[in-house]
Amino acid sequence: MHVAIIGCGQLARMMALAGWPMGIRFSFLANPDENIDCVEGLGTVVRGQDGLEGAELYQALGCPDLITVEREQVDTSLLVSLQPSCPVYPQPEAIQVCQHRGREKATLEKLGIPIAPYRLADSAETLKAAVDDLGYPVFIKSCEEGYDGQNQWRLTTPDQLSALLAERDSWPAMVVEAKVSFEREVSIIAAQSADGSQVCYPVTENAHKSGILIRSQAPAPNLTPALEQQAQQIVQRLLGHWGYVGVLTVECFVVGDQLVVNELAPRVHNSGHWTQGAGVCSQFENHLRAICGLGLGNTQPLQNAGMLNLLGVMPPASIAASGELQLHVYNKQIRPRRKVGHLNLQDQDALRLSQRLNALEECVYSDTTI
Ligand code: ATP
Ligand code: MG
């Protein structure tokens, strides 16, 4: 089996690392200027260039059996051009929705899935009207090219809006969202195969710093069965809607006894990295299993599992050497806030695990601000 992955970042790396023991070979498509250190040695890398698409690109990728993606910011017409040559999973239609916050929200609304009140804007006038309508605090997010809190503004006062409006002459398409007063953030990751079989991992609790994920714990401590069930129903509704094949992630806010969906990721997700060290079939392996039509693996860990992101830092030697943790390094150059690796750890006790995560975070970030 040969799988081609669009993208060469850490998610492509970890997908390939999960597939190698299964005998899957990989090739990768890189953007013209994309750094490919993460996938070095894991398969052939093809550089994208203008006009390279369809059968010609398929050949350049080594005639794979299947094509998948590690990020949603891909040219979906390029994916469509590859479809006559082999299956492309997840399907470009689902990716096209998830890569644009406006389309994503419209789909969630149509399916009756709760989201924060929002407005669309694409100019200074419509932006101002949207903020006036929703009130403060408010989040402004560009519809495309947003990740790790990029292209996103949080405003709490009219003065901040005036300052932002003075900053630029033209605006991209944006969603303007009311602030959700949430108790915590969670995500649910599920996989579906072409024959409709599905698995869900337990809901994961996530903590962010400056708009970027810093740590996760699964199962989310003390989550009510009703919320767990809501999360499963939401992800299942989406999988069913698209006849989706592969791993899909839903990020949610917990507000009382209700989940409010923040956003979707049509791929393996940072909040699922704990699955690599928890005695379950990892999200990376289950994604490959789903797209290759192999039986889906166990998603229920026997222990609590946690993950701490390494954002622009490597851990001190004592932590890197600890047998109690699993260090994952992505081969990237260290730059502030950049995801360069993560640590996974497990514990029989949820409270103790969260205390260990606290201590670990303090130690790893003692000299670094994010
Ligand atoms: P990532 O790629 O890390 O998921 P992103 O750039 O796609 O981030 P969002 O997930 O939309 O952006 O927002 C990042 C974080 O900002 C959220 O996880 C949450 O902590 C906060 N946030 C975003 N929107 C809202 C909102 N409407 N109300 C409250 N907090 C929000
Ligand atoms: Mg997010």
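Counting starts at 1 for both ligands and their atoms, in listed order.
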Output the list of atoms in ligand 1 that are nearer than 4.0 Å to some heavy atom of [X], sorted by atom number.
X: K179; answer: 28 (N), 29 (C)
X: E185; answer: 17 (C), 18 (O), 19 (C), 20 (O)
X: H208; answer: 18 (O)
X: R101; answer: 5 (P), 6 (O), 7 (O), 11 (O), 12 (O)

Here's a test for you: under side chain to side chain contact (heavy atoms under 4.5 Å, CB included), which of M174, E109, K141 qualifies with Y118?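 Result: among M174, E109, K141, E109 is the only option passing the side chain to side chain contact (heavy atoms under 4.5 Å, CB included) with Y118.
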
Among N304, L345, T204, L308, which residue meets the side chain to side chain contact (heavy atoms under 4.5 Å, CB included) test with W274?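 So the option named by the test is T204.
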
Donor-acceptor contact present, side-chain [X] to main-chain [Y], <3.5 Å:
X: Q303; Y: A278; value: no
X: Y201; Y: Q283; value: yes
X: W242; Y: I95; value: no

Heavy-atom proximity to [atom], best of [options]:
atom: atom 23 (C) of ligand 1; options: E177, K141, H269; result: K141
atom: atom 15 (C) of ligand 1; options: E263, R154, E251; result: R154
atom: atom 25 (C) of ligand 1; options: F253, Y118, F182; result: F253
atom: atom 28 (N) of ligand 1; options: I115, N151, V180; result: V180

Heavy-atom contact check, 4.0 Å cutoff: does N262 meet ligand 1?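 A heavy atom of N262 does come that close to ligand 1.
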
Between ligand 1 and A178, can you find any atom pair, the residue atom being a heavy atom, that is separated by under 4.0 Å?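 True for this residue.
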
Mind telling me whether H273 and Y330 have parallel, tilted or perpendicular rings, with 30° and 60° as the class edges?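 Answer is perpendicular, since the angle exceeds 60°.
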
Does a donor on one side chain sit under 3.5 Å from an acceptor on the other, for N270 and K339?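 Note: N270 and K339 side chains meet the donor-acceptor criterion.
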
